[in-house]
Number of protein chains: 2
Amino acid sequence: MSAHSHTLEHAKEQVKLTPKREAVLNALLMTEKACSAYELIDFCKAKLDLSFSAMSIYRILDFLKEQQLVHKLEVANKYVACAHISCDHQHGAPQFLICESCDKVKEIHIEQSINDALKDNIAKAGYTLKSPQLELTGLCENCSE
Amino acid sequence: MSAHSHTLEHAKEQVKLTPKREAVLNALLMTEKACSAYELIDFCKAKLDLSFSAMSIYRILDFLKEQQLVHKLEVANKYVACAHISCDHQHGAPQFLICESCDKVKEIHIEQSINDALKDNIAKAGYTLKSPQLELTGLCENCSE
DNA sequence: ACAAAAAATGTTACCTCGTAACACTTATGC
DNA sequence: GCATAAGTGTTACGAGGTAACATTTTTTGT
Ligand SMILES: [Zn+2]
Ligand SMILES: [Zn+2]
Ligand SMILES: [Zn+2]
Ligand SMILES: [Zn+2]
């Protein structure tokens, strides 16, 4: 059983998924990249032979997002599967590194001390942060060689 | 002379601006908020009695961005005037706090130590950061009361 | 001062993204 | 089974963005 299909099983234990919702999550696990809604439609058609209306994709992605199974990258306007579906650790503020060359996304955890320092810095500027989702664009290991 | 018209004069010393380009920068300085391209068109029509084609606005914003006179907020897809037009300090990675309630934007500078720690953290994950433009959404002083 | 060249702006036509409103289909509880 | 809710599809539309080409304005060489 491949890693991502194992993850899929794990997700289904937590949340009841309709076939279409499962397919969309599956697609995101398969690509391991950030995908736009329309890219997902194309992918599901090509690789899974499943048609989705645009409306449905957005509704399904919203649902999966509520369930913390996927995240939306606001900067790129794309979606990724959560990297922590299989582990049961509580999901804090998600933080992402996005490869601007190949779109590969790594969900990371910044050290708490850095997070605190950042929050402090921001408080000094008079702002209060709600959910500090960090999205940083750079180059992944492969693409930076 | 108001603060923002002084800034405008400062900008014109650095870069030669056509009347339209000047007007767009002026509009951004006047609003002090993040504006979408189409919001700028409306604003210039209403307040400055100047018409812009969509195409022109985008070209002008691109130009002003190259000149570091405005920044684009990727998360919100909006534009803001650079907060450092009048001061001659070298422009590093811009970092923004965006009020999700009133759209007010504060351009800040995160302490170097935090920046370095962040970079370090990211390097450990195998990524190399190019220009770490940070965009954080929260509430400004007024809106958090 | 004038024509040629370059830079800036406008027009048209088109594409993608995203959603509202409504219709339809499938699952669920009794 | 039947009523109800949940999920999905259809249509139509508005906003954002751009390519290709036309026009206007500015600059430059003589
Ligand atoms: Zn996650
Ligand atoms: Zn890469
Ligand atoms: Zn700036
Ligand atoms: Zn505010």
Side-chain angles (χ1 to χ4, degrees), chain A residues 8 11-12 14-28 31 33-46 48-67 69-80 98 100 103 135, chain B residues 8 11-12 14-28 31 33-46 48-67 69-80 98 100 103 105 135 137:
Chain A
L8 202 51
K12 285 160 77 177
Q14 299 168 46
V15 185
K16 190 149 179 303
L17 292 177
T18 66
K20 294 231 153 184
R21 284 170 177 174
E22 182 180 337
V24 171
L25 178 55
N26 193 15
L28 278 174
T31 69
K33 293 203 302 183
C35 294
S36 73
Y38 283 84
E39 282 167 0
L40 275 171
I41 291 177
D42 294 344
F43 185 94
C44 288
K45 186 70 203 164
L48 304 176
D49 197 32
L50 276 175
S51 294
F52 288 87
S53 65
M55 199 64 254
S56 286
I57 276 283
Y58 284 105
R59 283 190 289 226
I60 288 170
L61 288 170
D62 280 347
F63 173 84
L64 295 173
K65 211 170 49 167
E66 279 167 21
Q67 305 299 321
L69 294 172
V70 313
H71 300 291
K72 180 178 186 187
L73 303 179
E74 300 292 340
V75 169
N77 246 317
K78 295 186 174 184
Y79 298 83
V80 284
I98 307 159
E100 66 188 1
D103 268 353
E135 301 176 19
Chain B
L8 203 50
K12 285 160 75 178
Q14 299 169 47
V15 185
K16 191 148 178 301
L17 293 177
T18 66
K20 293 231 154 180
R21 285 170 176 174
E22 181 179 337
V24 171
L25 178 56
N26 192 16
L28 279 174
T31 69
K33 294 203 302 183
C35 294
S36 73
Y38 283 83
E39 282 168 358
L40 276 172
I41 291 176
D42 294 344
F43 184 94
C44 288
K45 186 70 203 163
L48 305 174
D49 197 32
L50 276 175
S51 294
F52 288 86
S53 65
M55 199 64 254
S56 285
I57 275 284
Y58 284 106
R59 284 190 288 226
I60 288 170
L61 287 169
D62 281 347
F63 172 85
L64 294 173
K65 211 169 50 167
E66 278 167 21
Q67 304 300 321
L69 295 173
V70 313
H71 300 291
K72 180 178 186 187
L73 303 180
E74 300 293 338
V75 169
N77 244 318
K78 294 185 175 187
Y79 299 82
V80 284
I98 307 160
E100 66 188 1
D103 269 354
V105 172
E135 301 177 19
T137 299

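- In the 5' to 3' direction, nucleotides of DNA chain C lying under 4.0 Å from heavy atoms of chain B begin and end at C/dA8 to C/dT11.
- Using a 4.0 Å heavy-atom criterion, one finds that A/Lys16 contacts the sugar-phosphate atoms exclusively.
- Taking five base pairs at each end of the helix from C/dA1-D/dT30 to C/dC30-D/dG1, the local helix axes there meet at an angle of 30°, rounded to 10°.
- Considering every non-hydrogen atom in both B/Phe52 and B/Ile41, the closest pair reads O-CG2, 3.8 Å.
- Contacts of B/Glu22 classified as side-chain hydrogen bond (donor to acceptor under 3.5 Å, both in side chains), with partners at least two apart in sequence or in another chain: B/Lys12.
- Residues A/Leu48 and A/Ala23 share a closest heavy-atom pair of CD1-O, 3.7 Å.
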All N/O contacts under 3.5 Å from nucleotides 7-17 of chain D to the protein, with atom names and distances to one decimal?
residue, atom, partner, partner atom, Å
D/dG7, OP1, A/Arg21, NH1, 2.8
D/dG7, O5', A/Arg21, NH2, 3.4
D/dT8, OP1, A/Thr18, OG1, 2.9
D/dG9, OP1, A/Lys20, NZ, 2.7
D/dG9, OP2, A/Ser56, OG, 2.6
D/dG9, N7, A/Arg59, NH2, 2.7
D/dG9, O6, A/Arg59, NH1, 3.2
D/dG9, O6, A/Arg59, NH2, 3.2
D/dG17, OP1, B/Asn77, OD1, 2.8
D/dG17, OP2, B/Tyr58, OH, 2.6
D/dG17, O5', B/Tyr58, OH, 3.2
D/dG17, N7, B/Tyr38, OH, 2.9

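- Side chains of B/Asn77 and B/Lys72 form a contact here, defined as non-hydrogen atoms less than 4.5 Å apart.
- Checked against salt bridge (charged side-chain N to carboxylate O under 4.0 Å, His left out), B/Glu100 has the following partners two or more places apart in sequence or in another chain: A/Lys130.
- What you find for B/Thr31 and B/Phe43 is that their closest heavy atoms are CG2-CE1, 3.3 Å.
- Partners of B/Lys33 under the side-chain hydrogen bond (donor to acceptor under 3.5 Å, both in side chains) rule, at least two apart in sequence or in another chain, do not exist in this structure.
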Considering only distance and modelled atom types, tabulate donor-acceptor pairs under 3.5 Å from the side chains of residues 54-65 of chain A, sequence neighbours left out.
residue, atom, partner, partner atom, Å
A/Ser56, OG, A/Ser53, OG, 3.1

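- Partners of A/Ser51 according to the side-chain hydrogen bond (donor to acceptor under 3.5 Å, both in side chains) rule, which considers only residues two or more places apart in sequence or in another chain, are A/Lys45.
- Looking at residues two or more places apart in sequence or on another chain, you find no side-chain hydrogen bond (donor to acceptor under 3.5 Å, both in side chains) involving B/Glu39.
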